[in-house]
Structure formats: C-alpha cells, structure tokens
Amino acid sequence: MAVLGDRFHRSIHDIRKSQFKSKFFEEYKEMAGNSGIGVISDRDAQPLIIGSKFGTFAIVVTGIVENTTELAKELLDLGETFSEMSGGRINSVELIAKLITRGETLIDGIQGVYDRIEGSASILLLKEDGIYAARDRLGRTPLVVGEKDGEYAVATENCSFLNLGFHVVKYLEPGEIINISPSGLQSRLAGRDRNQICSFLWIYTGYPASSYEGINVEVVRERSGGFLARNDNVEADLVAGVPDSGVGHAIGYSIESGLPFRRPLVKYTPGYGRSYTPPSQEIRDLVATMKLIPVRDVIAGNRIVLCEDSIVRGTQLKNFTVAKLWESGAKEIHVRPACPPLMFHCKFALSTRSIDELVARRAINALEGRHAEDITEYLDDTSEKYQKMVDWIAREINVTTLKYQKIRDMIEAIGLPREKLCLHCWIGEGAACCA
Ligand code: SF4
C-alpha cells in the first residue's frame with residue numbers, strides 16, 4: 001500500500017502465508033493521508049515510489065509484461081537504471097514507471113506503455129494532483145470506479161464496494177485514463193472501442209459478488225452450469241462443484257437438470273486460501289491436499305456430477321479431488337468443466353503455466369506420438385480427434401466420464417459478443433478476436 005499525506009507512506013508485505021488485513025491492520029493507522037493505492041501482486045514488489053519530471057508518484061500495476069527483457073535493454077541503452085532488483089530480475093512495475101516518465105506528459109507516458117508492452121497493464125498512479133487510473137488498452141483486466149458521499153474508490157473488483165456502501169459510477173473502458181482529485185472525477189483519455197476482457201474472470205478467477213462490464217460472476221456461472229446440464233444426459237444422484245469457483249456452475253447445473261445440489265467436498269482454508277497460483281509444485285500440492293475435506297456420508301454409493309471451473313494440468317483434480325471421492329466410496333464420477341480444454345498459456349493476466357504442462361496438450365502429444373505443432377483439429381469440438389483427446393484426459397484423471405463446456409455456450413453464458421472477449425486460452429493467436 002502507498003498513501004499520500006504530508007509525504008508518501010509505503011508498506012510492502014509478502015502475504016502468501018497470512019492475510020492482507022493482519023499485515024496492514026495496525027500499520028495503515030500510521031499511514032495518514034486522504035488518498036492511497038494498493039495491490040496484491042504475485043510477481044513484483046510494489047507499490048514503487050518514483051521521482052520524476054512529473055513529480056514524485058507511487059504506482060501499482062496489474063497484468064503481465066512479456067517483453068520485459070527487450071524493453072529493459074532499450075532503456076538501459078538510453079542510460080536509464082533499474083534500482084528495484086531485489087527479486088534478481090527487472091521489476092516490471094519499475095519498467096512501466098520508466099516508460100511513463102519518457103512521455104511528454106503523464107498521459108502520453110501511459111499511452112506509451114499501452115503501445116510498447118506485449119501483455120497487459122492496468123495502472124493506478126498516485127501523485128499530488130490525485131489518483132490516475134488507467135485500464136489496460138485491451139481491457140483484459142477490469143477497473144471499476146465507486147463513489148460514496150463524494151469519496152471515490154477504484155478497484156478491479158466491485159465486490160469490494162458493497163459492504164463499504166460505495167456504488168458503481170463507471171466501468172473504465174479499455175485504454176481509458178481518469179483522474180480522481182478533490183475536485184472530483186475527470187476523464188483524461190477516452191477509452192478505445194476494442195475490448196477483449198479476460199473470459200476467465202467469470203469462469204474461474206472472479207469473485208462471485210463481482211460484476212465486470214456490468215455482468216455478475218455468479219449469474220454467469222449459473223448460466224454456464226445450465227448449458228452444461230442441457231448438453232448432458234448422464235444419470236446421476238447429485239451434482240456438486242469443486243469449491244469455490246465450481247459451485248456456481250454446479251448450482252446452475254442443478255437448477256437446469258433438477259438433480260440435487262450437494263456438498264461432497266467442503267473447503268478448509270485456514271492459512272491456505274490466498275494464492276491461486278502458489279509458486280512451487282510442492283506448495284501447490286500441500287495447498288491442494290489440505291484445502292478440501294471429503295464428506296463421506298454424502299459421497300458413498302453415489303453417482304456424482306462434479307462441476308469444475310477448468311482443468312489446467314489435471315494433476316490436482318486427479319490426486320486431490322477425484323481420488324478423495326473414490327476413496328470415500330463414490331460409485332461414479334462425471335466431471336463437467338465450465339470451459340473448453342485449455343490449449344494456450346495466458347500472456348495477459350495470469351502467471352500460470354507453460355503450454356506443455358496443460359493436460360490437453362499432454363493428451364495431444366501422447367495421441368500424436370510427438371510434440372504436435374498443428375492442433376487445429378483438436379480445437380473443433382465436433383471432430384474425432386477432439387473426442388479422442390477428451391477420452392484420454394478422462395482416463396488420465398481417472399473419472400467415469402468427462403464432458404467440457406462448448407466455447408459458444410461459454411460465450412453465451414457470459415453474455416458479451418465474442419469479439420469483446422479474450423478467448424486466447426482456448427483458441428490461441430490464430431483467433432481473430434485475440435490478434
Ligand atoms: S489468455 Fe485466458 S486467462 Fe489470459 S486474459 Fe485471455 S482469457 Fe484471460
């Protein structure tokens with residue numbers, strides 16, 4: 001967090017093992033001031049406080065810069081220096097701050113960031129004349145403005161406003177820049193037409209109480225579950241969701257199919273809940289082992305439809321979810337992911353995975369007997385190859401049946417036009433909407 005009062009107050013904590021509140025609860029009382037910014041970052045230490053020709057500012061960024069090395073080299077060649085090397089590499093927030101300071105004006109500098117980076121960046125910047133909020137040029141990550149009695153807040157998740165009594169004033173357009181100061185909210189750069197917001201926000205990463213582009217996460221998940229049920233004819237005793245993000249999809253499945261929604265797995269999170277991308281495999285496995293507890297009396301003897309947001313590597317689903325259901329006496333397990341097979345790694349928002357880790361890619365490589373470059377036929381959910389891939393994954397994760405959501409149904413569940421969504425995870429660069 002960074003707060004501006006008579007001077008900048010800043011504090012950076014590693015919150016992987018404990019919650020945000022416990023780290024900052026006492027400290028924020030010392031951070032006197034009327035404006036502040038903060039971020040939870042999986043990658044870079046931030047906020048950074050930068051002295052510049054525009055004055056001193058604090059900055060936080062959410063997103064990913066893929067071409068950090070090239071841009072850093074360019075700046076180093078121009079005589080710039082990088083001071084925040086504590087992680088042993090260039091801090092991409094510092095890189096973005098340097099790019100901003102090369103602009104004629106602050107706004108020009110932020111536009112320069114939009115134009116130069118490969119990836120995405122939504123920025124909050126705090127200085128004497130207020131807070132600047134800039135949404136990524138393609139809108140991969142959202143920014144929403146709330147207001148309460150003349151006070152403003154900007155967040156990626158509007159659910160953070162609800163208990164505080166703020167109401168949504170506007171969702172920033174892609175590339176839009178605003179300034180919030182004692183004189184109110186002012187537009188500093190109009191948004192661009194081209195919006196390709198991350199579809200995964202609704203399917204997996206978003207909080208159920210949040211809305212993006214005015215569309216609520218939980219409602220999308222219920223619609224998504226409805227599509228899963230409509231395309232299904234499996235006979236089962238109950239439907240369940242892998243907590244937490246699978247639950248909304250399962251409720252939608254239950255409403256549509258009439259199957260009872262039950263909880264064969266409950267979440268146990270003390271100390272384990274914060275990061276959805278723990279850094280090492282060992283920690284990921286520990287989190288996965290501990291976070292779900294089977295309810296044996298709900299599981300034993302039952303045929304279970306299990307809704308999951310997505311399948312990434314498949315190992316956690318197999319080893320820590322499906323295994324617990326079998327061990328507890330499940331009769332059948334029918335997994336229904338709420339999105340199509342993941343085929344590409346995210347270059348814009350998530351610090352997740354390499355392509356070869358993805359279970360769908362492992363299936364394709366196994367079926368082809370080599371590292372397959374052309375996967376076009378596997379992207380077509382009506383093709384024979386697609387079905388073979390799904391059957392391979394079902395065997396791999398050890399489930400009775402597996403049926404993925406179709407991409408058109410996922411898009412319809414979200415409710416935005418296809419060209420307004422980033423679908424790169426599923427269809428990759430070749431797709432017009434992701435160019
Ligand atoms: S690639 Fe996937 S996770 Fe990344 S922004 Fe696009 S839809 Fe979201």
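This is a predicted model, so every value here is computed, not measured. In this chain, residues are counted from 1 in sequence order. Ligands are counted one by one from 1 in listed order, and the atoms in each one are counted from 1 as well.
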(request) Mark yes or no for whether D309, through its side chain, and P337, through its backbone, hold a donor-acceptor pair below 3.5 Å. (result)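 Such a contact is absent between D309 side chain and P337 backbone.
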(request) Just jot down the ligand 1 atoms closer than 4.0 angstrom to any heavy atom of F200, in number order. (result)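 Once the distances to F200 are compared, the set is 3 (S).
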(request) Could you list the atoms of ligand 1 found under 4.0 angstrom from a heavy atom of C425? (result)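 So the atoms of ligand 1 that pass are 1 (S), 2 (Fe), 3 (S).
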(request) Using a cut-off of strictly less than 2.8 Å, determine whether C198 has an N/O/S atom near atom 2 (Fe) of ligand 1. (result)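 No.
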(request) Could you tell me which residues satisfy side chain to side chain contact (heavy atoms under 4.5 Å, CB included) with T289, sequence neighbours excluded, listed by chain and number? (result)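 Here the qualifying residues are F320.
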(request) Name all pairs fulfilling the salt bridge (charged side-chain N to carboxylate O under 4.0 Å, His left out) condition that reach into residues 210-223, sequence neighbours left out, sorted by first residue then second. (result)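 Counting only pairs at least two positions apart or across chains, the salt bridge (charged side-chain N to carboxylate O under 4.0 Å, His left out) contacts touching residues 210-223 are R135-E213.
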(request) Measure from NZ or CZ of R230 to the centre of the six-membered ring of Y253 and say whether it is under 6.0 Å with the direction within 45° of the ring axis. (result)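 Ring-cation test returns no.
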(message) Regarding atom 4 (Fe) of ligand 1: of the candidates C422, C346, G139, which has the closest heavy atom?
(response)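 Of the listed residues, C346 has the closest heavy atom.
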